[in-house]
Each structure stands twice: as C-alpha cells, then as structure tokens.
Amino acid sequence: MTLVRARDALCDSRIVVRVEADARPPRDRRSPAIYAVFHTDEPDGSRFLGLVTEHQIARFPQRIFADLIDPRVPPPVASDTPLEQLIHAVGERGQTLGMPLAVLERDGSFLGVLTPHSIVEVLLERERRLLEDARKINAEIRREADKAIEQLDIKAHYDTVTGLPNRQLFCDRLLQALAAHERDGNPVVLLFLDVDNFKSINDSLGHLVGDRLLRATAERIRTAVRDGDTVARIGGDEFTILLNGAKDTLNGALVAQKILDGLAQPFVFGAQQIVISVSIGIAVSPADGETMEQLLRNADTAMYHAKSRGKNNYQFFSPELNVQAYRRQEIERNLRCALLQGELGLSYAPRVDLRSGRIVALEVRPFWLSSELGDVPPDDFIPVAEETGLIVQIGIWAFRTACAHAAVWRTQGLADRCLSFRLSQRELDDPQFGDRIMSLLDGCGLEPENLQFELSERMLMTHAAHTLAVLQELSNRGIRFSVGDFGTGNASLRRLRRFPIDELKIDLSSVRDIEPDSDDAAVITAMIAMAKSLRMDVVAVGVETPEHVAFLLERGCRHGQGRLIGAPLPPERIAALLAGDAVDLFVA
C-alpha cells in the first residue's frame with residue numbers, strides 16, 4: 001500500500017491509503033488510482049471517510065465524496081461506528097467483506113465507501129503499531145533485567161567495601177585452580193592475610209576510616225600481584241590471594257614480601273597518617289592439602305603462626321603448626337579464667353647502673369602458672385591476650401599488683417624504684433587509659449616519676465596523633481616513656497623527636513661480635529650516640545658478659561639489664577635484692 005498525504009483538503013489527522021483494483025467498487029476498478037480516506041484522531045481507532053481518486057484530490061480538495069457511491073453498495077453505516085463494531089455489524093447482516101459499505105455522517109449526508117481491503121489494512125497497521133510498541137517494551141524490560149542480573153551477580157560475588165571478589169567467588173576460583181592442577185601439575189599457591197591490630201584502628205578511628213583503610217589496603221595488595229591472580233576479601237580484615245599458574249612455591253614468598261614492602265609506607269587520609277602491617281600465611285597444594293578446605297585451613301594456621309612470630313611477616317605451613325594452633329586455642333580458652341582463678345603472677349627484672357651496680361628500675365613481667373597447661377611462657381600468652389583484648393584487664397591487674405608490692409617494700413624501709421611496664425597497642429588505644437593510670441597512681445601512693453611505660457617503635461607510628469596526645473598528657477604529669485628494642489622498627493629520627501620519649505632500649509641479644517672494630521659494635525655505638533643526641537637515656541637489654549658491660553660503659557651507656565645482671569625474680573626475692581641495693585657485675 002502507498003500512503004499519500006492529502007493536500008489542504010485533508011487535515012493532518014487524515015491519511016489516504018491506495019486501494020488495489022480488486023478491492024474497489026466495480027465502477028472504479030479501471031481507474032488508475034483510488035484512495036481510501038481515514039480519520040485518525042478517533043480515540044478508539046481510525047474511521048473510514050470515503051474513496052477519492054488522485055485527480056479528485058488534486059482538483060477538488062474541498063469536494064464531498066457523493067459521486068463515488070456505487071449503486072450496489074449495501075445500506076450505509078454511521079461514520080462514527082468503531083472499526084471493530086463495523087466488522088461485527090457486517091457479519092450480523094450476513095454481508096461479506098467482499099462488498100463495500102456506504103458511510104454516512106451523523107446528519108445523514110453521504111461520506112463515501114468502506115472497502116474490505118481498507119479494513120484489513122487499518123487492522124494490520126494497528127497490529128504493526130502494537131507489535132512495535134511491544135518490541136520496545138520488551139527491549140526495555142530486557143535491559144532492566146540484564147542490569148538487575150548484573151547487580152545481583154556483583155552483590156553475590158564481590159565485596160561491597162573493596163570491590164574485590166568475596167569468599168564465594170574466591171572459593172569457586174580456588175576449586176578451578178585445584179582442578180587445573182590435576183591437568184598441568186602446577187602447584188596451587190594460596191596466601192591468607194590478616195591486618196594486624198585492625199580492630200583497634202576501627203574502634204578508635206571509626207568504621208568510615210576503617211573502610212577507607214580496607215579499600216586502600218586492597219589496592220596496595222592488588223599492585224603486588226599479577227593481573228591473572230585473584231585477590232579476595234573473605235571477611236572483616238582478612239584477605240586471600242590465589243597465585244594462578246605459579247611454577248614454584250617460592251612465588252608465594254616473593255609476593256608476600258612485595259605486599260609487606262608495599263604496606264610499610266603510611267596511609268595518608270588528609271592530615272591523618274596510619275601505619276599498618278599484615279601477617280601472611282602461605283599454603284601450597286598438594287603438599288599442604290589437596291582440597292579447598294584443607295588449603296584454606298592450613299593457610300589460616302600459617303597466618304596465625306606469623307602473628308605469633310611478631311606479626312608483619314609471612315610463614316609457610318608445616319604440620320607442626322597444627323599442634324601450635326591447637327595450643328593457642330587452649331591458651332585463649334584458659335586465659336579467660338586465669339585472672340579469676342589467681343593463676344597470674346608478677347616477676348621483676350632488675351635494671352642497674354652499670355658503674356655502681358645499683359638497681360635503678362624494675363621491669364614488671366607477668367607470668368602464668370596454669371592449673372591445666374602448666375607454666376605458660378609470656379611469649380606464648382601475651383600475644384594471645386593482645387589479640388583477644390584480655391591484655392587490657394591483665395594490664396590493670398599487673399599495675400595494681402605491682403603498686404601493692406611497692407607499697408609493701410616501702411613499709412619495709414626500702415626506697416621506691418621506677419616500675420617499668422610494657423604497654424600494648426590495645427591499652428594505648430583505650431580512651432580511658434590516661435585517666436585510669438592517674439586514678440590508680442593516686443590510690444597507691446606511687447609518684448609519677450617512678451612509673452615508666454615501654455612502647456615499640458611501631459606503636460609510635462600507628463595513630464601518631466592520638467599516641468602523641470596520650471603520651472604528652474601523661475608526660476606532663478611526670479610519667480616516663482621508653483622505646484623498646486630500638487632500631488628494629490620503622491621510626492625515623494625526625495618522627496621520634498616529636499614524642500616525649502625519655503629512654504631508648506637497645507637489644508644486644510643478636511650481637512655476636514662485640515669487638516671494637518666489628519660491624520655489630522659500630523651499629524651499637526651509633527645507636528648510643530644517636531640517643532645521646534636526642535637527650536635520652538640508653539638502656540642495653542641482653543647484657544650477658546662482663547665484656548658487654550665494659551663495651552657499653554666505654555661508649556657512655558650507663559644502664560643495662562640481662563642474664564648477667566639477674567633473671568626476673570618474684571616480689572619476695574626482689575625485696576631481699578633491694579635491701580642489698582647493688583648487683584655484682586664482675587666487670588673485667
């Protein structure tokens with residue numbers, strides 16, 4: 001059919017459809033071109049107006065179609081009859097669609113003829129429009145459905161905070177890697193990472209900062225691996241890495257070291273700097289497990305072994321770690337009852353003036369004699385106490401108990417000595433720490449200048465602004481602070497000077513060659529000189545021989561503690577030692 005727009009005789013709401021010869025009235029079948037006119041502004045569909053020729057449209061644009069009627073046209077129908085009713089009416093009259101119908105206006109005036117072909121054409125056009133509308137609606141529904149499926153897939157397989165694959169997607173890829181190992185024989189290397197002390201960061205700085213830190217950490221981890229490797233966040237502060245196509249188990253160590261190096265630099269959020277570290281466990285299939293569950297469990301065990309080795313390191317899995325993991329669980333379970341059952345006690349390691357042998361301070365060290373586990377070394381239960389948060393309760397108990405011992409010594413006529421406590425990150429992050437310490441001091445009679453807290457270098461660099469505020473407040477009240485094992489952390493000289501540090505502790509335990517011209521001796525000498533330049537006292541830890549004493553005195557280090565000076569002693573033996581007030585160092 002050819003659609004032609006009529007001239008000014010037909011308004012914009014009318015269309016003209018060419019009528020084929022077999023659909024025209026008999027008298028017009030020889031005409032070169034006959035057109036059916038329809039009105040399209042009807043709410044219920046198009047309405048036929050009549051038939052015209054191309055010549056009539058051109059010559060008589062205003063003409064009424066009275067001369068187009070065929071004498072054999074059946075009785076007329078009203079022009080406003082909807083198309084569907086008109087077709088139904090034809091059927092009721094027994095008429096066939098092969099005959100044209102006359103169309104009248106409401107006032108009875110004749111309008112024209114409606115042919116069956118015109119009816120079919122109008123119906124087809126309507127169906128075409130409906131089909132096109134349905135296609136558009138279906139396309140829109142399909143786009144929305146695809147978008148919804150994509151969003152559901154993201155939520156089901158990706159972490160909302162970091163954008164990394166989640167546990168489900170990681171496990172799927174790990175299963176695929178294990179299946180590939182059956183074909184190509186390449187080892188499956190799995191790394192299990194845990195952010196050290198993340199809970200204290202989250203608690204002290206808030207979840208928004210914690211989430212920003214997790215996103216930044218995830219980004220640094222991703223830069224340490226290849227594009228084909230999978231990095232996932234499987235919950236909380238735990239990440240996993242699958243090294244795809246690894247040819248050697250040592251690849252795990254190389255990637256782990258790159259991650260440790262990448263996280264060594266502080267994270268900067270505006271004016272805030274945060275230093276973090278991670279503990280990494282590495283398991284390799286098939287040696288460390290042939291199933292997904294075995295590999296994940298053993299990598300997790302290796303990660304806890306890394307934490308027990310001081311954190312900020314990586315460890316491979318070995319069968320012995322299973323035994324250690326079980327012991328750690330037993331330590332945690334029993335430690336929760338140790339305070340209530342009176343199983344914890346205190347010992348005191350004397351610190352002396354290396355020239356006179358006089359005791360200048362006592363380092364407070366908790367010990368644990370468990371009714372179930374026996375003698376549990378501090379290196380075993382203190383890390384567990386820090387991870388579980390029990391260290392805060394243990395720290396309060398140790399402070400009160402040590403102050404009570406000092407009060408007893410005072411009644412025995414013994415002069416007060418400085419009590420030195422090792423401070424954990426958990427205790428320092430406690431918002432009540434400063435007020436609690438001053439309250440305990442007021443209650444026990446110990447002077448602030450006789451109290452010292454030992455921190456690690458990493459503690460100074462973590463939450464530096466918060467740490468500085470707490471230390472400065474307590475320092476203003478007379479409490480002293482020291483940095484333990486100086487030289488093993490990341491504190492720079494410039495940063496160290498910001499804090500109210502009174503003393504640096506240098507560990508001699510790794511010094512094998514103390515000869516004046518040795519490299520070890522040069523390092524110790526430089527550290528002592530640097531401490532003096534900062535106007536800080538120096539304490540040498542691990543003094544084991546008279547040669548150590550002579551070496552330290554020659555370089556201006558006055559204070560020391562270690563095996564030569566004396567092992568940690570219970571309070572009653574410390575009282576006897578204080579009564580003598582000196583230690584024989586046997587200096588050569």
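Within the 3.5 Å criterion, the main-chain N or O of I479 finds no donor-acceptor partner in the side chain of Q452. Remark: the backbone N or O of G262 is paired with a side-chain donor or acceptor of R220 at under 3.5 angstrom. Judged by distance alone, with hydrogens and angles left aside, the side-chain atoms of D203 form no donor-acceptor pair with the main-chain N or O of G206 at under 3.5 Å. Under a 3.5 Å cut-off, the side chain of N313 and the backbone N or O of A306 do form a donor-acceptor pair.
Using a cut-off of 4.0 Å between Lys/Arg side-chain N and Asp/Glu carboxylate O, E293 and R297 are scored as not salt-bridged. Taking the charged nitrogens against the carboxylate oxygens, D353 and R558 do have a contact shorter than 4.0 Å, which makes a salt bridge. Comment: R351 engages E363 in a salt bridge, judged by a side-chain N to carboxylate O separation of less than 4.0 angstrom. With salt bridges taken as basic N to acidic carboxylate O contacts below 4.0 Å, none links E219 and R215. Salt bridge absent: R426 and E386 never bring a charged side-chain N and a carboxylate O closer than 4.0 Å. A salt bridge links R436 with D430: the closest approach of a Lys/Arg side-chain nitrogen to an acidic carboxylate oxygen falls below 4.0 angstrom. Salt bridge absent: E330 and R327 never bring a charged side-chain N and a carboxylate O closer than 4.0 Å.
Among the candidates K505, R480, K532, the single residue satisfying the salt bridge (Lys or Arg N to Asp or Glu O under 4.0 Å) test with D537 is R480.
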Exercise. For the pair N197 and S200, evaluate side chain to side chain donor-acceptor pair (under 3.5 Å) and give the outcome as yes or no after the intermediate values.
Key: CA-CA 6 Å; N197 304 315; S200 63; 5.2 Å; no
Quick one, D288 with F316, criterion side chain to side chain contact (heavy atoms under 4.5 Å, CB included). Give me CA distance, side-chain angles, the key distance, then yes/no. CA-CA 9 Å; D288 299 333; F316 281 90; 5.5 Å; no
- request: Let me see the working for R336 and L390 under side chain to side chain contact (heavy atoms under 4.5 Å, CB included), right down to the final yes or no.
  value: CA-CA 7 Å; R336 297 185 181 277; L390 292 172; 3.8 Å; yes
Under the side chain to side chain donor-acceptor pair (under 3.5 Å) rule, what do E427 and S424 come out as? Steps first, then yes or no, please. CA-CA 5 Å; E427 294 173 283; S424 72; 3.1 Å; yes
Exercise for review: Could you walk me through whether L191 and L193 pass the side chain to side chain contact (heavy atoms under 4.5 Å, CB included) test, one step at a time?
Suggested key: CA-CA 6 Å; L191 281 70; L193 290 73; 3.9 Å; yes
Show your reasoning for whether ring pair (Phe, Tyr, Trp, His ring centres under 6.0 Å) applies to F170 and Y158.
CA-CA 9 Å; F170 180 81; Y158 290 88; over 10 Å; no
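By the 6.0 Å contact criterion, CZ on R309 is open, its count of non-hydrogen atoms from other residues, nucleotides or ligands being 12 or less. Residue K311 qualifies as enclosed at atom NZ: its count of foreign heavy atoms under 6.0 Å is above 12. No more than 12 heavy atoms of other residues, nucleotides or ligands lie within 6.0 Å of CD in Q265, so this atom counts as exposed by the packing criterion. Other residues, nucleotides and ligands contribute more than 12 heavy atoms inside 6.0 Å of the CZ atom of R333.
Two residues are said to be in side-chain contact when any heavy atoms from C-beta on lie closer than 4.5 Å; V284 and L190 fail this criterion. V255 has its side chain out of reach of I280: every pair of non-hydrogen atoms, C-beta onward, lies at least 4.5 Å apart. A heavy-atom distance below 4.5 Å is found between the side chains of L346 and W397. Residues I276 and D196 form no side-chain contact, since every pair of their non-hydrogen atoms from C-beta on lies 4.5 Å or further apart. Using a 4.5 Å heavy-atom cutoff, the side chains of R233 and L214 are in contact. The closest side-chain heavy-atom distance from P378 to R365 is not below 4.5 Å. Two residues are said to be in side-chain contact when any heavy atoms from C-beta on lie closer than 4.5 Å; N450 and R417 fail this criterion. Put simply, the side chain of Y348 does not reach to within 4.5 Å of the side chain of P568, judged on heavy atoms.
For the residue pair T301 / N298, no side-chain donor-acceptor distance below 3.5 Å is found, with atom types taken as modelled. Counting only N and O atoms by type, the side chains of H207 and N202 include a donor and acceptor under 3.5 Å apart. Between Q472 and N476, the side chains place a donor N or O and an acceptor N or O closer than 3.5 Å (distance only, hydrogens not considered).
Nearest heavy-atom pair across S371 and Q341 is OG-OE1, 4.2 Å. Taking all atoms of both residues into account, the shortest heavy-atom contact from F192 to L296 is CD1-O, 4.2 Å. For A398 against F421, the heavy-atom pair with the smallest separation is O-CE2, 3.8 Å. Across A575 and Q412, no two heavy atoms sit closer than the pair CB-OE1, 3.7 Å. Nearest heavy-atom pair, L446 versus C403, reported as atom, atom and distance to 0.1 Å: CD2-SG, 4.1 Å. A pairwise comparison of heavy atoms in V538 and I506 identifies CG1-CD1, 3.6 Å as the closest pair.
Note: I274 CD1 to H466 NE2 = 12.0 Å, rounded to the nearest 0.5 Å. One finds the CG atom of L254 at 11.0 Å from the CD1 atom of I259 (value rounded to the nearest 0.5 Å).
Note: F453 and F399 have parallel aromatic rings, judged against thresholds of 30 and 60 degrees for the angle between ring planes. A tilted orientation is assigned to the rings of W409 and H405, their planes being inclined by 30° to 60°.
Taking the centre of each ring, F499 and F481 stay at or above the 6.0 Å mark.
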